[in-house]
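See structure below.
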Amino acid sequence: MDMTTSTVAPVRPGRTGMGLNRALLGQATLDALLKLNPAKLVRNPVIFVTEVISILVTILAISAAFRAETWGFQAAIAGWLWFTVLFATFAEAVAEGRGRARAESLRRARTETRAKLLIRADDRSLWQSRAATELRVGDLVLVEAGDQIPSDGEVVEGIASVNEAAVTGESAPVIRESGGDRSAVTGGTAVVSDWIVVRITAAPGSTFLDRMIGLVEGASRQKTPNEIALDILLAGMTIIFLIAVVTLVGLASWNGQPPSVPVLAALLITLIPTTIGGLLSAIGIAGMDRLVRFNVMATSGRAVEAAGDVDVLLLDKTGTITLGNRQAAGFYPAPDVEIGTLAQAALLASLGDETPEGRSIVAFARERHNLPLPSQPPSSQIIPFTAQTRLSGLDMPDGNYRKGAVNSLLSALGAEAPAAVRQEADRIGRSGGTPLAVAKNDRLLGLIELKDIVKPGIRDRFAALRRMGIRTVMVTGDNRLTAAAIATEAGVDDFIAEATPQDKLGYIRAAQAEGRLVAMAGDGTNDAPALAQADVGVAMQTGTQAAREAGNMVDLDSDPTKLIEVVEIGKQLLITRGALTTFSIANDVAKYFAILPAIFVASYPELAALNVMRLASPESAILSAVIFNALIIVALVPLALLGVRYTPLGAAALLRRNLLIYGLGGLVAPFIGIKIIDLVLVLMGVA
């Protein structure tokens with residue numbers, strides 16, 4: 001009854017360094033050719049129309065060649081139109097290829113595993129060896145030190161140290177135990193010490209690792225509402241320009257000089273928004289890819305897009321806004337006691353305290369009061385903290401040192417605190433801190449202030465979110481006084497004190513009723529209702545199965561502060577799409593001045609005034625515009641994949657920036673680009 005496992009190499013899906021290597025580009029080129037299938041391309045109306053026009057012009061060029069007519073100009077237009085279509089599909093293929101490369105790294109983490117299936121739930125000695133793929137939901141499996149967890153599940157018995165490097169990339173093991181908020185385990189991770197009994201919660205093929213692979217490959221990506229709306233807009237613009245071009249045929253025919261079909265085709269393709277049409281899919285896929293690089297898995301593109309529109313952000317206090325462990329922040333001696341005496345007693349009382357709070361008191365006393373670290377005599381005795389006494393300390397030959405909750409220590413001393421000490425304790429409590437009393441040999445020496453330390457720079461980050469129009473809300477189980485003090489120091493807009501699951505859910509529903517989009521992070525079963533209700537629910541990988549299933553994103557690093565980065569990535573996705581749409585439409589306006597005068601200048605000499613670029617000939621003007629239309633997609637592929645740099649500005653400021661950079665840039669770039677291409681064509685003798 002042995003269980004065989006194979007070694008899992010640590011894989012960090014978000015940071016595997018998948019760049020644009022030669023193999024990826026080669027595969028992307030092949031995929032781009034396969035995407036030329038009209039049945040697949042019809043989902044992108046702009047590029048589909050471009051392909052149909054390319055086929056038509058190619059047929060006309062071949063027909064002209066067979067009839068021994070001039071065909072070079074038509075062939076050149078056909079070639080550059082095909083180049084336009086190919087690079088539009090190439091951009092999407094590159095984005096998908098990066099996802100597949102990350103998925104392949106995840107597949108290497110998923111190895112064939114055998115599990116110890118328990119025959120009886122109450123007897124760990126009776127088990128059968130079973131392939132992990134044969135396990136079903138509800139099965140109980142025993143996982144011991146050195147074993148690999150065969151599938152996703154919940155720990156129902158035992159406690160163990162688990163190495164989750166196969167999923168998160170972190171080499172430090174984490175504790176998993178039955179009950180509480182750290183009972184969920186992921187298939188493919190390994191038990192380092194002790195043992196656990198796991199109830200399987202995922203069917204074969206639907207584990208967390210399987211879902212990750214599907215997501216990073218893009219197989220589960222659906223178009224978001226904004227993408228669908230933009231697709232409809234682009235299709236509408238294409239139809240409008242198609243009607244306009246057909247109308248021009250009648251106008252020119254009336255004058256006796258109708259333009260040729262290749263010329264009209266070139267006019268149509270350069271006027272419809274091919275740039276954004278070719279990059280739209282790549283922008284959406286790259287947005288999800290950026291989340292993966294941050295070690296966050298989104299269940300859909302809709303969740304990423306919603307993150308960009310979030311205007312209410314719920315953040316847990318402990319570990320998110322504050323450092324998570326209370327730290328010593330001050331010593332306050334009782335009347336007639338020197339502060340050095342209090343500091344020395346606090347240090348000795350904390351010498352055997354290995355909690356973060358105890359270590360912070362020792363460090364604070366040494367740094368602020370220049371006290372040496374004393375040695376602990378063999379005859380000394382550590383007094384551990386208990387929930388009953390709420391005290392801890394150290395008994396030494398020169399005296400007994402104690403520290404603990406103020407009321408508990410006073411009760412143990414059988415004494416009353418001086419009024420000054422009581423007032424100081426009340427002040428510490430009102431400011432959001434925790435007072436601890438210190439005594440030596442039954443004499444009260446003063447107070448230690450323990451404080452939740454707000455993370456450095458968090459106030460500035462909240463100020464940046466406020467400038468973006470996002471309201472920040474701190475969620476905590478602390479009383480209102482403590483919560484108010486921390487909220488003021490951190491700079492959040494609101495807080496929920498003594499929070500219950502119902503309080504979180506109620507706040508989210510109330511905000512959504514006002515038309516707001518809400519994001520929150522959570523890891524416990526009690527967070528699941530709020531995560532499911534929120535528009536963007538980021539569940540921690542270390543959290544419970546219920547939390548991970550309720551959210552629409554999972555943070556593999558289990559860092560609640562990453563919610564701020566998730567919002568920024570979502571906004572970057574929307575800004576990138578808006579910036580490139582602005583650039584594309586502005587491009588079309590400029591290309592109008594290149595092609596229309598060239599087509600009709602023979603019939604209407606007055607239109608020569610619109611030839612502001614002084615292009616060499618009508619043929620050169622048309623071909624230059626078509627070439628520029630193709631090359632600009634190539635130039636913008638890196639920007640679509642990397643995203644427009646995001647800075648926390650308000651909507652009005654972002655609009656002004658987009659219009660200035662991408663609107664004005666989109667107008668100017670074609671004039672410069674088309675003129676340069678025209679000069680090159682003249683030098684080459686093509687026009």
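Atom set for the values below is all heavy atoms of this structure, side chains included, hydrogens, waters and symmetry mates excluded. Just so it is clear, the model here is predicted, and its values are computed rather than measured.
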Indicate yes or no: at least one non-hydrogen side-chain atom of N587 is less than 4.5 angstrom from one of F628. yes
Between G665 and P670 the two heavy atoms that sit nearest each other are O-CD, 4.3 Å
Taking CZ in R614 as the centre, count heavy atoms belonging to other residues, nucleotides or ligands within less than 6.0 Å. Is the count above 12? yes
Answer yes or no: is there a side-chain heavy-atom contact under 4.5 Å between L56 and V52? no
Heavy-atom closest pair (P273 atom, V46 atom, distance to 0.1 Å) is O-CG1, 3.6 Å
Find out whether L531 and M520 are in side-chain contact, i.e. whether some heavy atom of one side chain is under 4.5 Å from a heavy atom of the other. yes
Rounded to the nearest 0.5 Å, what's the gap from CG on L234 to OG on S584? Could you check? 7.5 Å
Could you tell me whether a side-chain N or O of T576 sits under 3.5 Å from a main-chain N or O of V644, the two making a donor and an acceptor? yes
Within the distance-only criterion (no hydrogens, no angle test), does the side chain of N552 pair as donor or acceptor with the backbone N or O of D535 below 3.5 angstrom? yes
Quick one: does T275's side chain get under 4.5 Å of L580's, heavy atoms only? no
Only one of T270, D588, T274 forms a side chain to side chain donor-acceptor pair (under 3.5 Å) with N629, so which one is it? T274
Quick one: closest heavy-atom pair of A625 and K591, and the distance? O-CD, 4.4 Å
Under 4.5 Å between any side-chain heavy atoms of K675 and L679, yes or no? yes
So CG of L315 and CZ of F462: to nearest 0.5 Å the spacing works out to 5.0 Å
Of all heavy-atom pairs linking L681 and S624, the shortest is CD1-OG, 3.4 Å
Point-to-point distance, once rounded to the nearest 0.5 Å, from CG of L268 to CZ of F241: 9.0 Å
In the structure I gave you, are the side-chain heavy atoms of K35 and N44 within less than 4.5 Å of one another anywhere? no
Donor-acceptor check, side chain of R43 to backbone of K40, threshold 3.5 angstrom: yes or no? yes
For R645 and R657, the nearest pair of non-hydrogen atoms, with its separation, is O-NH2, 3.4 Å
If we only count heavy atoms from C-beta on, is the L81 to T58 side-chain gap below 4.5 Å? no
Is it true that atom CH2 of W71 has more than 12 heavy atoms of other residues, nucleotides or ligands lying nearer than 6.0 Å? no
Rounded to the nearest 0.5 Å, what's the gap from OG1 on T238 to CZ on F48? Could you check? 12.0 Å
Any side-chain to backbone donor/acceptor pair from R466 onto G491? Under 3.5 Å, distance only. yes
Describe, in one word, how the ring planes of F87 and F83 are oriented to each other, choosing from parallel (under 30°), tilted (30 to 60°) and perpendicular (over 60°). tilted
Is there a side-chain contact between V261 and V57 in this structure, where contact means two heavy atoms from C-beta onward sitting under 4.5 Å apart? no
